[in-house]
Every structure is written in C-alpha cells, then in structure tokens.
Amino acid sequence: MKSPLDRRRFLASAAAASAATTAIVSEAHAEGGAPALLGGTPIRREPFPAWPRADRLEEDGLLGVLRSGKWFRGGGDRVDRFEKAYAGMTGAAHCVAVANGTSALVTSLAALGIGPGDEVIIPAYTFIATVNSVLLHYAMPVFVDTDPETFQIDAQKIEAAITDRTAAIMPVHLGGNVADLDAIMEIGRRRKLPIIEDACQAHLAEWRGKKVGTIGSTGCFSFQVSKNLSSGEGGAILSGDAELAGRCYAFQNNCRGRAMEGYRFTYEGGRGANLRMTEFQGSLLLAQMTRLEAQSRTREENARYLTGLLAEIPGIIPARQYEGCTRNAYHLYMFRYHDEAFGGLGRDKFLRAMQAEGIPCSGGYSPLNKDASVVAAIASKGFGRIYPKGEIEGFAARNACPANDALCGEAVWLTQNMLLGPRSDMDQIAAAVRKVRAGAGALAKA
Ligand SMILES: *Cc1c(COP(=O)(O)O)cnc(C)c1O
C-alpha cells in the first residue's frame with residue numbers, strides 16, 4: 001500500500017467482494033429460507049451506522065465554550081462564526097441562527113408580517129412543525145396535495161389554493177429531495193407571494209446548481225439530532241434580503257436588532273421572542289460542518305446505487321426527482337410499496353418483515369391535514385374568534401388531499417444514517433426486500 005488512498009481503495013474493493021458474497025448467500029437463502037418474521041435467519045444482524053457522530057473536534061469545541069464562561073451568543077463568537085460559515089457554504093447573503101427549525105419557520109413568518117386572517121399554503125406531506133409554525137401565528141394553513149412520484153408538494157395544485165388572503169407559500173424539500181422550485185417561484189412572482197422554503201431536511205440539496213434555502217424569500221433549516229447537520233437542537237434562516245434578515249434577527253432576539261452594519265432594522269411587528277442559538281450549539285455545528293460534504297456525498301452514492309437495485313423489484317417505486325433537482329440531500333430514502341406485487345401482504349406487515357430481516361424502516365407520515373392536533377387547533381377558541389364559522393366547518397373539505405392519503409398508506413422510509421455505510425449495506429437492503437417478496441405468500445397467511 002503506497003498511499004492512504006491505495007489503502008482505501010483496497011479496503012473498498014475488499015468490502016465490495018464480501019458484499020457480493022453476502023448478496024449471493026442471501027439470494028440462495030431467499031429461495032429456500034423462511035422469512036425472519038416466521039423464524040428464518042435474518043439477512044442482517046449488525047446495526048447500521050450510528051448517528052450522531054462526534055469525536056475530539058466536538059469535545060474540544062464544547063469544552064472551550066464551557067471553560068470560557070461565554071455560553072450566550074452575546075458573549076462568545078461561535079454563533080457568529082457559524083452564521084458566516086453556513087452562509088458561505090450555501091452561498092446565501094445572510095444567515096440568522098436560531099434555537100431550532102420550528103423557530104426558523106416561526107421567525108420567517110413573523111418577519112414577513114404574517115398573522116391572524118392570513119393563509120399560508122403548505123404541503124400535506126411534512127413534519128408537524130411546518131403546520132405548527134403557521135398555527136402559532138393564528139394564520140390559516142391551507143394544505144396542498146402531494147405528487148406521489150416525488151413525495152413533494154404538487155406544484156400544479158398550488159394555484160387553485162390561492163385566495164385574496166394568501167400571504168405566503170411554504171414548500172418543504174421533503175426527505176432532502178427538492179420541491180418543484182421553478183413552478184413554485186413562478187407562481188410566487190406572478191401572484192406576488194413570498195416563498196418560505198422549509199429546507200429543514202435538505203442541507204446542501206440543490207436546485208439547478210443553487211443550494212436550496214437560498215432561492216425563496218427565506219430558507220429555514222433544522223439542526224435537530226436526526227437531521228443531516230445536527231447540534232441536538234438548532235436552526236437557521238437564510239435570506240438574500242438584508243432587511244428581511246434583519247427583521248428575522250430582531251424577532252428571535254426579543255425585537256432587538258443586531259448592532260452591526262446592515263442589521264440596523266428592528267422588527268416592526270412589535271412582537272418578538274428569545275429564540276436564540278447558544279454558543280454550545282454554534283460550537284457543535286462548526287465541528288459537524290466539517291463532515292457534512294463528505295457525508296452528503298456518501299449518502300448520494302449509496303442512494304443512487306440502492307435506487308438501481310430497488311427499481312428492479314416489482315412493486316417497489318423509489319421516489320423520483322424533478323429535473324431541476326441537481327442534488328438530493330437524502331435525509332430520508334423514500335419509496336412506494338405496491339401491495340399487489342407482494343400478494344396482498346399489506347404495507348405494515350412488509351415493514352415488520354423488513355425489520356425482522358434486520359432492516360429498520362418505517363411507514364412515514366400520516367395525513368397532516370387530518371391530524372388530531374391540527375383539527376383541534378382549527379376548532380379552538382382563538383381560531384373561532386378570527387375565522388368565520390363556515391370557514392372552520394369547511395376546513396376538512398377544503399383541505400382534502402386524496403393523493404396524499406394514498407401515499408401515506410404506501411410509503412416506506414429508510415433514515416439517512418443507513419446510507420452512511422459501505423455499498424454492501426445497500427445490497428443487504430435490496431436482498432431483504434427480495435426475500436420478503438419471495439416469502440410474501442407465507443407471510444400473508446401467518
Ligand atoms: C425537523 C423539521 C422541522 C422542525 O425542526 P425542529 O428543529 O425540530 O424544530 C420543520 N420542518 C420539517 C420538514 C422538519 O423535518
């Protein structure tokens with residue numbers, strides 16, 4: 001081994017050779033062997049790569065903050081440095097760090113002056129924080145149905161949801177894939193509506209070569225522990241608009257602006273909160289950012305390879321990307337499961353059978369437009385004081401999302417950390433799907 005690179009190549013090819021063996025053994029097993037759910041031998045026993053990851057870099061950074069006594073961003077420099085570094089990494093003109101992703105969305109809406117009586121268009125297929133940020137402002141969420149091929153908001157259905165009360169469109173780049181930003185930005189320009197990108201799952205994802213979060217009026221990120229860039233909790237807002245970024249800064253700092261050039265604005269809405277990021281979070285993010293690009297590349301390579309394997313299996317339809325998506329962050333690896341190709345096994349039994357084979361997976365979101373807490377919020381006293389009775393009673397009918405309802409019953413998710421290991425892990429995932437399909441008859445009866 002002349003250089004570390006040769007050594008790495010050798011290790012990679014050794015891993016590939018052993019993966020090929022594993023795949024062949026697994027295939028042979030699939031033909032004769034029983035599904036693990038019925039007592040057979042699982043395809044895999046080792047855990048997938050652990051998440052989050054940290055080493056001395058994080059330890060030294062955190063201890064540095066601890067010992068400095070400068071735990072709050074007013075005293076230290078970590079959060080300021082993080083904001084500059086994240087803006088640099090994404091190509092954004094401005095970055096405002098906040099306590100978490102929900103705060104990034106709440107702050108963006110506040111800075112755009114959105115409040116009671118306003119409507120905000122959001123996808124039905126997203127994490128509950130997207131809708132909570134709207135409800136917290138007593139604005140009315142308007143759900144738009146999902147494009148099941150991409151798992152993203154169906155941009156063709158946005159126009160029909162716009163009324164004279166629409167104040168913003170908040171697309172989500174779900175799973176690290178990218179919503180159809182050409183169509184959404186065009187609607188925003190034509191209807192004079194700000195676009196708030198919920199990029200909480202899409203760090204380093206790109207649309208036509210530009211980082212997501214830098215295309216709309218603001219872009220919101222989460223650094224919660226499950227996310228591809230993490231500080232346990234954390235968030236950030238990107239914007240190309242200095243005045244809007246200044247209002248965001250002021251809102252998350254109790255209505256007080258940054259005493260720096262370009263940020264002399266205060267939040268004119270007259271309300272604010274303390275949603276500041278701590279120096280500990282800033283320090284963790286500076287360390288974690290040194291790993292983000294390499295991890296993102298590994299996820300992309302593994303995901304592309306896995307898509308090739310899964311696309312061969314009848315009844316498995318990996319999420320497609322729009323043509324403008326030039327980089328997918330793969331926060332989730334998402335595919336649809338079609339029951340007919342699995343002999344009526346049922347999606348939930350498919351998930352259990354996969355888990356028994358040693359492949360953790362889940363069925364993802366349930367319909368957010370029908371979520372009990374959303375329904376309760378719309379029926380609450382506060383909403384009743386703001387919105388006419390007919391509007392509240394018509395909420396379910398107005399927000400029906402039939403394609404999303406169907407998708408929620410077909411979706412299968414793998415988490416981003418499962419894409420961080422060797423390519424042979426992808427072979428095992430695909431082998432488990434093939435094995436469950438081969439055993440579907442027996443599984444369906446059990
Ligand atoms: C995680 C997430 C959020 C909220 O971020 P937190 O940091 O958990 O507050 C918002 N939207 C989406 C799509 C998310 O995945």
Side-chain angles (χ1 to χ4, degrees), residues 51-52 79 82 86 95-110 120-137 139 141 143-144 146 150-153 168-179 181 184 195-205 212-213 216 218-238 248 251-252 273-278 280-282 284-285 288 299 319 328-334 362 364-369 371 373-374 404 407-408 411 413-417:
W51 188 264
V79 178
F82 164 71
Y86 201 59
C95 175
V96 177
V98 287
N100 52 56
T102 309
S103 297
L105 296 170
V106 168
T107 299
S108 292
L109 288 164
V120 179
I121 291 177
I122 60 171
Y125 200 75
T126 180
F127 182 56
I128 194 162
T130 310
V131 66
N132 277 341
S133 70
V134 176
L135 296 172
L136 207 59
H137 284 294
F143 290 93
V144 166
T146 309
T150 59
F151 289 59
Q152 310 301 306
I153 190 168
I169 306 172
M170 197 190 265
V172 178
H173 304 306
L174 199 97
N177 196 351
V178 184
L181 281 176
I184 295 165
I195 309 298
I196 300 170
E197 290 178 74
D198 180 342
C200 286
Q201 300 186 359
H203 317 77
L204 296 189
V212 302
T218 69
C220 298
F221 291 83
S222 166
F223 310 122
Q224 190 269 340
V225 77
S226 67
K227 306 295 159 92
N228 296 17
L229 177 63
S230 171
S231 50
E233 300 279 5
I237 304 157
L238 302 180
C248 287
F251 183 83
Q252 61 88 48
N274 172 9
L275 306 172
R276 288 186 301 260
M277 177 179 276
T278 67
F280 294 104
Q281 291 167 292
L284 262 177
L285 287 166
Q288 294 276 306
R299 286 187 196 100
N328 186 326
Y330 287 105
H331 174 62
L332 300 166
Y333 187 93
M334 307 181 289
S362 79
Y365 298 131
S366 47
L368 192 59
N369 51 321
D371 185 273
S373 72
V374 174
N404 188 65
L407 178 65
C408 289
W413 289 4
L414 310 172
T415 52
Q416 52 87 9
N417 62 300

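Every number for a ligand or one of its atoms is a count from 1 in the order of the listing. For clarity, every value in this text was computed on a predicted model and none was experimentally measured. By convention here, the first residue in the shown sequence is residue 1.
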Any N/O of [X] closer than 3.5 Å to an N/O of ligand 1?
{"X": "Gln224", "answer": "no"}
{"X": "Ser222", "answer": "yes"}
{"X": "Gln201", "answer": "yes"}

Examine distances only and state if a side-chain atom of [X] and a backbone atom of [Y] form a donor-acceptor pair shorter than 3.5 Å.
{"X": "Thr130", "Y": "Phe127", "value": "yes"}
{"X": "Asn177", "Y": "Ala319", "value": "no"}
{"X": "His331", "Y": "Lys227", "value": "no"}

Given Gly175, Cys200, Gly101, Ala99, identify the one with the heavy atom nearest to atom 3 (C) of ligand 1.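 Among Gly175, Cys200, Gly101, Ala99, the closest heavy atom to atom 3 (C) of ligand 1 belongs to Cys200.
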Going by the closest heavy atom to atom 11 (N) of ligand 1, which one wins out of Asp198, Ile122, Leu332, Val225?
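Among Asp198, Ile122, Leu332, Val225, the closest heavy atom to atom 11 (N) of ligand 1 comes from Asp198.
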What's the shortest heavy-atom distance between Phe221 and Ala199, and which atoms?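 It is CD2-O, 3.3 Å.
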Quiz item: Which pair of non-hydrogen atoms, one from Asn404 and one from Pro367, has the smallest distance, and what is that distance?
Solution: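 Asn404 and Pro367 have their closest heavy atoms at ND2-CA, 3.9 Å.
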Close-contact set for ligand 1 against [X] heavy atoms, below 4.0 Å:
{"X": "Thr102", "result": "4 (C), 5 (O), 6 (P), 9 (O)"}
{"X": "Ala129", "result": "3 (C), 4 (C), 10 (C)"}
{"X": "Val172", "result": "13 (C)"}
{"X": "Thr126", "result": "13 (C)"}

*CA sep, side-chain torsions, deciding dist, call: Ser226, Gln416, side-chain contact (heavy atoms from CB on, under 4.5 Å)*: CA-CA 9 Å; Ser226 67; Gln416 52 87 9; 5.9 Å; no
Evaluation steps, side-chain contact (heavy atoms from CB on, under 4.5 Å), between Leu285 and Leu229: CA-CA 7 Å; Leu285 287 166; Leu229 177 63; 3.9 Å; yes
Worksheet item: Considering only protein heavy atoms, which is closest to atom 14 (C) of ligand 1, and at what distance to one decimal place?
Response: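 Scanning the protein heavy atoms, the shortest distance from atom 14 (C) of ligand 1 goes to Lys227 NZ, 3.1 Å.
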